[in-house]
Amino acid sequence: MRKYALQNAVEYDGAGQAGSVLGRLLGERADLRGRARDLKELVESEVAAANQLAASEGVEAAHAALAATNPEALQRQKQQKRVGLKELPEAIRGEVVLRFAPNPNGPLTLGHARGVAINSEYAKMYDGKVVLRFDDTDTKVKPPLPEAYDWIEAQYEWLAGRPADIIIRASERMPVYLAHAEQMLSGDFGYVCRCTASDFKQLRDAREVCPCRTRSVEENLADWQAMNDGEIAEGGAVVRVKTDLELPNPALRDWPALRIQHTAHPIVGKAHNVWPLLDFQSAIEDHEQGVTHIVRGKDLMDSTRKQTLLYEHFGWTYPQTLYWGRVKIHEFGGFSTSGMRAAIENGEYSGWDDPRLPTLAALRRRGFDAAALRAFWIDLGLTQKDISISMQTIESFNSSEIDARCERRSFVRGPRLLSLDASGCSGGPGTSISNARHPDGAVEGSRKWELGDGAILIEAADADDTGGSLRLKDYADVDIDAGTSVARVESWSRSDRRAIVHWLPQIMARKARLTRVIGHDLVVEEGMLEGFELVDGAIVQLERVGFARIESLPDDGPVELLFLHG
RNA sequence: GCUCGUGUAGUGUAGUUCGGUCCAUCAUGACGGACUCUCGAUCCGUCGACCCGGGUUCAAAUCCCGGCACGAGCACCA
């Protein structure tokens, strides 16, 4: 007890508190809890004594007293933030099967990245597998984009750092789903409903039995056959799963499992007239693949409940299910894959990798690193909160990932030409200088700059016609007199606290255009880029500007740069 | 409206299962400083939170009750 009293007194500079001390004591000695009331007085006097000691002889005395009796108490452990994802419930190492199931109606977006990152990370944690499943059983409302399958496979691999363990296209697994549907009808836990959608909704909301529900298995099977043979028009019939109509959530009552679609499927064509809806297809396939854990958005909570009802009919056990909440990125408003597809088709964007789009393709093109994206999503973790985050956060993850390997270059925007006058200052580095490729030496070597005839470029924004004093980074302190374009060298070494600016000898400079995304616009800044060892596709850090990717490096004409972030 | 879910600093996040070592973690951000040299990195410092109200208890972010706020689902989309 004295130990805690002293500890508390030391930690709070002689202002230990009895309540806190009692808490620590009882936390460690569960056996004393029943006598908490009796202990209280004792603790209070002990704390008072400890505080008194600290007050009269200084905190050091209390510290020393504690060190003499209980040195270990000096090192109190502060609580720590858990790292990585929280444990998966009922997970057995080596037997975990997860899945990531996008609709291939376009390439992956930043939102999908969460699914890839979380699922692949869990697979890594438990030495499990991830099934990449294309949920492409809608031929009409959100039809698949044939190219998207390959894109998604590649993007999954890029982001997860390894390919998916199993890849499945739902559209190729139709026989499995149709067989299960038939089994459901035969088992009389499903039925063919001929009501219109709105009629059914009315009955459902009133908890009333639809007339189709009570028909015989034979009648259902006959209608099922007709549906599959294409004898019933789209919307003319739907297969429903029988549920308790007293279910409090109307969305779950006799939910639809399969519907008729006569539109050709972009991949498998007109092979089927009846297609399963997500809840049915996904439920069956999860069971077929032995999925043990489903991690999905909480907008799919009702899906879990619907599918659980179906699993009960089949006598299966539903996988463990975890949810994440909705994520909004400040910088990208409400983008949907189908919305982007339309905007690209009408020319609003140049393609799926248009830097203004929140697609993985665009992010990758700009220079975002897969490991950084993964780290970001894992740090967010799995919470059901609906959150709104800023790209700034993602950018900071990216900076810490790429900074060490990005070489520095000088890019002078809106250049102003000055001529260097070193006549008043002897010494100096001579006809060339060399700067580090990376200031912390993470990338070894240097960049050699020929100085030429003393014609140099600085950003006009750094020195207007009124002149000023500047330090040309890693070179010289200069003064520019008002109305002139002469930079007079005052000192080679840093002599005062004048602003440090980046600059370029004119003979090292080559024309470049830096494109950056500002809101919904692309803004181009023209300038002169340091022409030292430029590599097509490389990401460089432009001093005092930020990271940018070299998009093209033509033999003549300006270098194209795409801004990544600051 | 019905059903479900969620509320911890500006933004995210740990801790909530099982009340106590929590005057609450970490990151990001903002601000200030250091650094023989970027608006980058690094280092140091500062700022800042348990949705509200009751209750139980020696002790509540944690348990109970009641509010409030926000979000999602209620498609023959995924």
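Numbered from 1 within each chain, the chains take letters A, B, ... in sequence-line order.
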### Query
If you measure from the C1' atom in B:U13 to the same atom in B:C52, how many Å do you get, rounded?
23 Å
### Message
What I want to find out is whether A:Arg408 reaches A:Asp440 closely enough, with some N-O distance under 4.0 Å, to be called a salt bridge.
### Response
no
### Query
Under 3.5 Å, is there a donor-acceptor pair between the A:Gln261 and A:Asn273 side chains?
no
### Task
With RNA chain B as reference, determine whether A:Phe547 or A:Arg305 sits nearer its 5' end, using the nearest nucleotide of each.
A:Arg305
### Task
Say whether, by atom type as modelled, one donor and one acceptor occur between the side chain of A:Arg133 and the main chain of A:Ala170 under 3.5 angstrom.
no
### Task
Take atom C1' in B:C50 and the same atom in B:C35, then report the distance between them in whole Å.
38 Å
### Query
Can A:Tyr191 and A:Asp254 be counted as having a side-chain donor-acceptor contact under 3.5 angstrom?
yes
#### Entry: Along RNA chain B (nearest heavy atom to each residue), the more 5'-positioned of A:Arg494 and A:Ser390
A:Ser390
### Message
So, under a plain 3.5 Å distance rule, would you say the side chain of A:Gln541 forms a donor-acceptor pair with the base of B:U38?
### Response
yes
#### Entry: Short side-chain N/O contact to B:U38 OP1/OP2 from A:Arg544, under 4.0 Å
no
### Task
Using whole Å, report how far NE2 of A:His565 lies from P of B:C39.
18 Å
### Task
Would you indicate what A:Gln384 reaches in the nucleic acid, counting non-hydrogen atoms under 4.0 angstrom: base, sugar-phosphate, or nothing?
sugar-phosphate
### Message
Tell me the interatomic distance from A:Asp244, atom CG, to B:U3, atom C1', rounded to whole angstroms.
### Response
15 Å
### Query
What integer number of Å spans the C1' atoms of B:G7 and B:U16?
13 Å
### Touch class at under 4.0 angstrom, heavy-atom based, for A:Asp403 against every strand present
sugar-phosphate
### Task
Using a strict 4.0 Å threshold on nitrogen-to-oxygen distance, state whether A:Glu543 and A:Arg409 make a salt bridge.
no
### Query
Given the C1' atoms of B:C18 and B:G54, what is the spacing between them in whole Å?
25 Å
### Message
Is it true that A:Arg99 and A:Ser282 share a donor-acceptor pair across their side chains at a distance under 3.5 Å?
### Response
yes
#### Entry: Interatomic distance at C1', B:C76 relative to B:C4, whole Å
23 Å
### Message
In whole Å, I'd like the distance from the NZ atom of A:Lys385 to the C1' atom of B:U6.
### Response
8 Å
### Message
Can you measure A:Asp496 atom CG to B:U36 atom P for me and round it to whole angstrom units?
### Response
15 Å
### Query
Using 4.0 Å as the upper bound for N to carboxylate O, is an ion pair formed by A:Arg447 and A:Glu530?
yes
## Note on the structure
The dot-bracket string of RNA chain B, counting Watson-Crick and G-U wobble pairs with both distances under 3.5 Å, using [ ] for crossing pairs and | for pairs to another strand, is (((((((..(((.......[.....)))((((((.......))))))...(((((..]....))))))))))))....
### Task
For B:G19 and B:C64, measure between their C1' atoms and round to the nearest Å.
13 Å
#### Entry: Nucleic acid footprint by protein, nucleotides 68-78 of chain B - heavy-atom cut-off 4.0 Å, B for base, S for sugar-phosphate alone
---SSSSSBBB
### Message
I'd like the C1' distance from B:U62 over to B:G55, given in whole Å.
### Response
15 Å
### Query
How close or far is atom P of B:G7 from atom CD1 of A:Ile387, stated in whole angstroms?
12 Å
### Message
Rounded to whole Å, please give me the gap between NE2 in A:His330 and P in B:G10.
### Response
13 Å
### Query
What is the ring orientation for A:Phe100 with A:His112, classed by angle as parallel under 30°, tilted 30 to 60°, or perpendicular over 60°?
perpendicular
### Message
In whole Å, I'd like the distance from the CD1 atom of A:Ile378 to the C1' atom of B:C26.
### Response
16 Å
### Query
Among side-chain atoms of A:Tyr323 and A:Thr304, is any donor-acceptor pair under 3.5 angstrom?
yes
### Message
Between C1' on B:C35 and NZ on A:Lys473, what's the gap in Å once rounded to a whole number?
### Response
13 Å
### Nearest-Å distance once atom P is located in both B:A69 and B:C44
44 Å
### Donor on one side chain, acceptor on other, A:Asn103 and A:Asp136, under 3.5 Å
no
### Message
I'd like to know if A:Arg494 and A:Asp474 make a salt bridge, using a cut-off of under 4.0 Å between side-chain N and carboxylate O.
### Response
no
